Amino acid sequence: MEIHIAHYLIVAGILFSIGLVGVVVRRNAIVVLMCLELMLNAANLVFVAFARMHGNMQGRIFVFFAITVAAAEAAVMLAIIIAVYRQRETVNTDDMDIMQG
Amino acid sequence: MEPIFHDLLAAGGGHAVAFYACSAVTIAAAILMVMKKNPVASVMWLVLSFIGLAGIYVTLQSYFIAVIQVLVYAGAIMVLFLFVIMLLNLRREDIAKMELPKVPFAGVIAAILFFVSVFLVIKASTPAFEKPVDALLGEPALAGDSVRAIGIPLFSQWLLPFEITSVLLLAAIVGAVALTKKKL
């Protein structure tokens with residue numbers, strides 16, 4: 001059994017697809033955000049796999065920055081969810097339809 | 001520490017076993033994360049998924065990334081999620097309302113996306129793609145200390161992005177505090 005870079009890319013594809021299904025299917029805004037994090041991690045896995053393939057550090061440094069940005073993004077998104085919950089008493093995405101035409 | 005990992009992975013298909021085990025844990029936990037109705041259970045499965053992903057990073061010899069995956073993602077970020085879920089204190093009927101109605105549509109889109117990506121992976125062929133991971137360049141700079149190998153370019157070549165990141169984090173802190181204030 002030999003592991004190729006393609007194996008890692010396929011795992012990343014599976015994780016990204018699961019995350020996408022979660023974003024579309026789930027109605028809890030917090031769980032939608034968690035599925036977004038999963039998709040982000042699938043992209044990170046591709047970066048690390050290609051960094052391994054080319055034997056350089058750039059991909060890993062990019063993942064380092066991506067994790068930092070993800071932390072900032074999660075903090076702001078959760079603050080938005082708390083603000084919405086204060087206003088409308090819900091985190092259900094189907095109830096957040098005030099912008100609907 | 002790291003050479004031990006390296007020898008373990010190289011010994012008799014250890015790499016393949018570690019890869020398949022970590023991948024199975026990661027994917028199974030991710031599926032359970034999407035399927036669980038209770039958001040607290042979802043967080044716990046996502047933590048397990050991220051720990052499995054850290055194991056996959058170890059098989060790619062990215063030890064530093066594996067460590068910050070566990071510390072920052074599975075630790076800090078998921079605790080933040082858990083904290084917000086506890087803070088909002090969703091009632092049981094709120095959770096029950098969040099059923100899963102759009103499954104066929106989402107499944108079709110995800111399946112198409114997945115097969116397109118697999119097709120592109122199989123179609124792409126460069127010389128490095130044909131080689132198994134164990135046979136790729138061993139990265140001599142990485143073998144001894146990967147923190148050093150990631151730190152030197154980070155503080156020389158990538159110093160400006162690194163400093164900009166600190167400004168971004170400051171903006172995120174200020175934004176989060178401003179958003180959650182009762183009166184803006």
Side-chain angles (χ1 to χ4, degrees), chain A residues 1-11 13-22 24-28 30-31 33-35 37-38 41 45 48-49 51-55 57-58 60-61 63-65 67-76 78-83 85-86 90-92, chain B residues 13 15-16 19 23 26-27 30-31 33-34 39 42-43 46 49-50 53 56-57 60-62 65 68 72-73 76-77 80-81 84-85 88 90 97-98 100 102-103 106-107 109-110 113-114 117-118 121 128-129 132-133 136-137 139 149-150 153-154 158 161 165 168-169 172 175-176 179-180:
Chain A
M1 279 197 299
E2 282 175 332
I3 303 297
H4 296 246
I5 290 296
H7 288 76
Y8 288 97
L9 299 185
I10 288 169
V11 170
I14 294 171
L15 284 180
F16 192 90
S17 306
I18 293 169
L20 185 72
V21 170
V24 177
V25 160
R26 295 304 301 257
R27 287 160 163 191
N28 186 334
I30 297 171
V31 179
L33 190 53
M34 279 158 54
C35 294
E37 298 284 339
L38 189 68
N41 271 276
L45 178 57
V48 174
R52 178 80 185 87
M53 182 172 119
H54 292 294
M57 294 310 292
Q58 268 85 347
R60 283 162 185 152
I61 287 171
V63 168
F64 177 81
F65 285 128
I67 289 176
T68 319
V69 172
E73 171 246 322
V76 174
L78 289 171
I80 291 172
I81 289 172
I82 290 176
Y85 188 77
R86 283 236 178 86
T90 182
V91 289
N92 191 334
Chain B
H15 185 193
F19 170 76
S23 302
T26 307
I27 291 168
I31 290 171
M33 184 269 283
V34 173
S42 288
V43 171
L46 192 58
S49 181
F50 284 166
L53 207 57
I56 295 179
Y57 290 152
L60 283 166
Q61 295 185 16
S62 301
I65 297 293
I68 60 170
V72 178
Y73 251 121
I77 296 182
L80 189 64
F81 275 94
V84 170
I85 290 168
L88 297 185
L90 296 176
K97 264 199 306 189
M98 293 167 190
L100 313 171
K102 298 169 240 168
V103 173
I109 288 189
L113 183 81
F114 173 65
S117 62
V118 168
V121 165
F129 237 69
V133 172
L136 291 168
L137 292 169
E139 292 164 66
I150 223 171
L154 192 62
W158 304 96
T165 305
L168 177 79
L169 284 174
L179 275 170
T180 46

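Just so it is clear: chains get the letters A, B, ... in the order the sequence lines come, proteins before strands, and each one is counted from 1. Small disclaimer: the values here were computed from a predicted structure and weren't measured.
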If one checks every heavy atom of A:F64 against chain B at 4.5 Å, the contacting part turns out to be both
Is it the backbone or the side chain of A:I18 that comes under 4.5 Å from a heavy atom of chain B, or both, or neither?
both
Between A:V11, A:L9, A:I14, A:I10, which has the largest tally of heavy atom pairs under 4.5 Å with chain B?
A:I14
Using a cut-off of under 4.5 Å for heavy-atom pairs, which of A:L20, A:L33, A:I81 has the most such pairs with chain B?
A:L33
Looking only at B:L168, B:I65, B:V72, most heavy-atom pairs under 4.5 Å shared with chain A are made by B:I65
Do the non-hydrogen side-chain atoms of [X] and [Y] ever get within less than 4.5 Å of each other?
X      : Y     : value
B:I109 : A:V24 : no
A:C35  : B:M33 : yes
B:L88  : A:I30 : yes
B:S42  : A:R26 : yes
B:T26  : A:N41 : no

So which heavy atom on [X] is nearest to which on [Y], and how close?
X      : Y      : value
A:F65  : B:W158 : CZ-O, 4.1 Å
B:A30  : A:L15  : CB-CD2, 3.9 Å
B:P39  : A:N28  : CG-ND2, 3.5 Å
B:L169 : A:A72  : CD2-CB, 3.9 Å

Quick one: does B:Y57's side chain have a donor or acceptor within less than 3.5 Å of a partner on A:V48's backbone?
no
Taking the side chain from A:R86 and the backbone from B:T180, do they hold a donor-acceptor pair closer than 3.5 Å?
yes
From [X] atom [atom1] to [Y] atom [atom2], the distance as rounded to the nearest 0.5 Å:
X      : Y     : atom1 : atom2 : value
B:L53  : A:L38 : CG    : CG    : 8.5 Å
A:I3   : B:L60 : CD1   : CG    : 10.5 Å
B:I56  : A:L45 : CD1   : CG    : 5.5 Å
B:L154 : A:R60 : CG    : CZ    : 14.0 Å
A:M34  : B:L46 : CE    : CG    : 5.0 Å

So, using ring pair (Phe, Tyr, Trp, His ring centres under 6.0 Å) as the criterion, who are the partners of B:Y73 when residues are at least two apart?
B:F50
Run the ring pair (Phe, Tyr, Trp, His ring centres under 6.0 Å) test against B:F81 and tell me which residues pass, sequence neighbours left out.
none
